[in-house]
Asks: 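Quick one: the structure is below, and I'll ask about it shortly.
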2 protein chains.
Amino acid sequence: MARPYSYDPEVALEAAMHVFWRDGYDLASLSELQDAMGIQRGSLYKEFGSKKNLFLKAFDLYVKQFVNPGITMLTQSDSSGSERINQFFKMIPKHEMRGCLLCNSAAGAARTDSDVHQVVATQIERLRNAFEKALIKQTKDAKERRSEAERLTQLYIGKRVEIRAEA
Amino acid sequence: MARPYSYDPEVALEAAMHVFWRDGYDLASLSELQDAMGIQRGSLYKEFGSKKNLFLKAFDLYVKQFVNPGITMLTQSDSSGSERINQFFKMIPKHEMRGCLLCNSAAGAARTDSDVHQVVATQIERLRNAFEKALIKQTKDAKERRSEAERLTQLYIGKRVEIRAEA
DNA sequence: ATAATTGTTGACTGCTTGGTACATAAAACC
DNA sequence: GGTTTTATGTACCAAGCAGTCAACAATTAT
């Protein structure tokens with residue numbers, strides 16, 4: 001009963017995700033976004049509402065595609081916790097110029113906008129909890145386990161930020 | 001033989017440093033900078049040339065005021081290496097919203113501009129070398145020492161980025 | 001066919017940005 | 001006191017930004 005889409009919104013969203021990943025929220029201009037997504041500005045706003053909303057949806061997609069597998073790796077139980085943690089850190093690409101969208105956002109957009117702050121904080125907390133779970137057998141004391149999970153989370157963020165900075 | 005300054009350039013530079021520290025390079029607008037520095041735009045450009053140059057000078061000042069003391073702490077020899085490393089990490093403010101200008105820049109401006117990239121990379125390397133020196137007695141193998149210094153550097157960056165993100 | 005609905009397009013708006021130009025003010029030298 | 005020198009203040013500029021809007025196109029229903 002109306003004109004059909006000339007593009008796939010999910011494909012467009014994935015393209016937007018990669019722009020935000022590469023350039024960060026602030027430096028990702030709408031012109032760049034619409035070029036990468038292959039749509040015009042009006043369509044972009046009709047579908048996604050605002051730049052911030054587009055980012056939040058792109059961030060969700062990133063979580064599904066890249067954060068969740070890492071968390072699964074840390075929390076699955078078919079190998080020892082320390083082995084899973086090792087595996088997790090080995091998975092970090094050594095020359096990924098884009099870094100990690102979660103870490104990039106923590107260092108960037110999350111500071112300016114409280115909605116972005118919230119979703120970023122939530123994912124960092126998920127990661128911390130995943131580390132904590134992976135440590136449950138080898139570190140019996142709950143407080144110590146928590147602080148070790150915090151350290152591992154910080155180490156992960158630091159690695160990704162540094163690799164990105166030096167790339 | 002000419003009109004004297006109505007302000008102290010060093011005081012103004014320090015004010016600029018705090019703006020860059022709080023807001024980051026991109027979000028620090030010239031309007032904010034000139035307000036904080038208490039000077040007008042013409043004077044700012046006559047004295048500092050460009051926003052980037054002002055940042056580079058402010059960054060130098062930050063290194064003198066905040067990075068060098070940390071490096072001294074790590075490399076002075078009146079206590080054991082592990083004690084100095086502990087001391088270094090304990091020195092990190094637990095609720096510093098601004099984080100660390102070096103780490104913030106590594107995650108931000110350093111990616112866009114190659115001059116900024118260079119000065120940031122240099123300071124990160126200094127920090128890494130300072131950790132390495134602090135480890136010299138307890139870690140005999142040079143390769144292992146190097147990689148442990150890398151880990152400590154990444155942990156430091158991650159801590160400061162995370163503290164800033166969650167503040 | 002025609003009407004109704006909804007996606008598409010691209011020009012347009014108002015705003016902010018970093019940077020510049022120029023008239024003016026304040027000092028020192030002669 | 002006039003000249004020179006350099007800082008100050010401000011109006012201005014082009015470019016880029018996020019976001020809007022109205023004409024247009026493509027489909028379905030009647």
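Here is how names work: the chains are called A, B, and so on, in the same order as the sequence lines, proteins then strands, and each is numbered from 1.
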Asks: Can you tabulate the close N/O pairs, meaning under 3.5 Å, that link protein atoms to atoms of nucleotides 11-14 of chain C?
Replies:
none

Asks: Find the distance A/E32:CD to D/dG19:P and express it as a whole number of Å.
Replies: 16 Å
Asks: Looking at C/dG7, I'd like to know if its phosphate oxygens (OP1 or OP2) sit under 4.0 Å from a side-chain N or O belonging to A/S6.
Replies: no
Asks: Nearest 0.5 Å, please: how far is CD in B/Q154 from NZ in B/K159?
Replies: 13.5 Å
Asks: Should the pair A/W21 and A/Y62 be assigned to parallel (<30°), tilted (30 to 60°) or perpendicular (>60°) ring geometry?
Replies: perpendicular
Asks: Any pair with a residue in residues 132-141 of chain A that passes side chain to side chain donor-acceptor pair (under 3.5 Å), sequence neighbours left out, goes on the list, sorted by first then second residue, please.
Replies: A/E132-A/R146
Asks: Rounded off to whole Å, could you give me the OH-to-P distance for the B/Y45 and C/dG19 pair?
Replies: 3 Å
Asks: Figure out the OH/C1' separation between A/Y5 and C/dT5, and round it to whole Å.
Replies: 13 Å
Asks: For residues 87-97 of chain B, which side-chain N or O atoms pair as donor and acceptor with protein atoms under 3.5 Å away, sequence neighbours left out?
Replies:
from	atom 1	to	atom 2	distance (Å)
B/E96	OE1	B/R98	N	3.0
B/E96	OE1	B/R98	NE	3.2
B/E96	OE2	B/R98	NH2	3.3

Asks: Are side-chain N/O atoms of B/R41 and B/Y45 paired as donor and acceptor at under 3.5 Å?
Replies: no
Asks: Between B/Q40 and D/dT8, does any side-chain N or O lie under 4.0 Å from OP1 or OP2?
Replies: no
Asks: Among all residues two or more places apart in sequence or in another chain, which pass the ring-ring contact (aromatic ring centres under 6.0 Å, His included) test with A/Y7?
Replies: A/Y5
Asks: At under 4.0 Å, does any side-chain N or O of A/S29 touch on OP1 or OP2 of D/dG16?
Replies: no
Asks: In terms of side-chain geometry, is the basic nitrogen of B/R160 or B/E166 positioned less than 4.0 Å from the acidic oxygen of its partner?
Replies: no
Asks: Just the table, please: protein N/O against nucleotides 26-30 of chain C N/O, every pair under 3.5 Å.
Replies:
from	atom 1	to	atom 2	distance (Å)
C/dA28	O4'	B/M1	N	2.7

Asks: Could you check whether A/K46 gets within reach of a base, just the sugar-phosphate, or nothing at all, counting any heavy atom under 4.0 Å?
Replies: base
Asks: Not counting sequence neighbours, which residues clear ring-ring contact (aromatic ring centres under 6.0 Å, His included) with B/F48? List them please.
Replies: none
